[in-house]
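The next block holds one structure in the form of structure tokens; read it before the comments.
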Protein chains: 2
Amino acid sequence: MSSLSLFRDDGDTRAFGPGETIFVEGDDGRHMYVILDGSVRLSVTGRTLEKVGKGGVFGEMALIDASPRSATATALAACTLVPVTAERFKSLVKESPDFAIEIMRIMAARLRSMDRRL
Amino acid sequence: MSSLSLFRDDGDTRAFGPGETIFVEGDDGRHMYVILDGSVRLSVTGRTLEKVGKGGVFGEMALIDASPRSATATALAACTLVPVTAERFKSLVKESPDFAIEIMRIMAARLRSMDRRL
């Protein structure tokens with residue numbers, strides 16, 4: 001399963017131009033984003049953590065632990081995003097264990113990549 | 001919910017003495033562990049990533065993405081652990097969305113702590 005398939009037909013999307021800021025480290029976070037098109041850079045104090053492409057998700061952490069954004073997200077290329085509220089996120093986890101496992105897989109990949117930087 | 005409540009009555013536990021190695025970075029990982037008692041140090045190339053105490057879990061990443069262990073786990077104090085297989089982990093995610101969210105919360109806490117080290 002790719003997250004993309006669950007969100008491809010969402011009518012409610014947001015568009016960002018290259019270089020545009022999506023959210024800033026420390027902001028309150030009310031949405032996770034699924035990238036329908038384009039790519040996004042995640043950074044902490046100016047250092048790139050990750051580039052996320054089409055079909056990827058980011059911003060899930062603020063929904064999981066209701067804490068401020070841990071990183072800044074910037075559109076690298078023009079992108080189209082589906083915002084996912086905490087409520088929808090929780091109902092997806094309930095209804096689709098595959099979705100839950102995929103979110104964990106994304107987080108595991110981020111943790112492994114961080115471990116390698118230590 | 002605490003993970004502990006799901007595992008407290010598990011008959012199948014493993015005991016480790018202080019300083020004993022539970023698994024080593026690079027090993028194949030077939031279990032996640034829930035700490036019934038004691039505490040565990042997670043490290044990468046000798047550097048401590050985290051200390052996990054009673055009620056905590058570790059080793060979940062190898063179940064999620066079927067990759068080798070990303071860190072070494074060592075008993076800090078004498079500890080009693082419940083090993084959880086990939087099969088059981090997946091059925092817990094299916095049956096208990098709260099369990100899934102708690103695992104995500106643990107991973108989010110680890111990611112936030114790593115972000116702060118960058």
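None of these values were measured; they are calculated from a predicted model. Chain letters run A, B, ... following the sequence lines, proteins first and then strands; every chain starts at 1.
Under the 4.5 Å side-chain heavy-atom criterion for Ile, Leu, Val, Met, Phe, Trp and Tyr, B/F99 and B/L36 are members of the same hydrophobic cluster. B/Y33 and B/L76 are not part of a single hydrophobic cluster, where members link through side-chain heavy atoms under 4.5 Å apart.
Taking all atoms of both residues into account, the shortest heavy-atom contact from A/V93 to B/P97 is CG1-O, 4.1 Å.
Ranked by heavy-atom pairs shorter than 4.5 Å toward chain B, the options A/M104, A/K94, A/E95 are led by A/M104.
A distance of 10.5 Å separates CZ of A/R105 from CE of B/M107, quoted to the nearest 0.5 Å. Here the straight-line distance linking atom CE of B/M114 with atom OG of A/S113 works out to 8.5 Å at 0.5 Å rounding. The CG atom of A/D65 sits 4.0 Å away from atom CZ of B/R112, with the distance rounded to the nearest 0.5 Å. Between the CD1 atom in A/I103 and the CD1 atom in B/I64 there is a gap of 11.5 Å [rounded to 0.5 Å].
With a 6.0 Å radius and a threshold of 12 heavy atoms from other residues, nucleotides or ligands, A/R30 has its CZ atom at or below the threshold.
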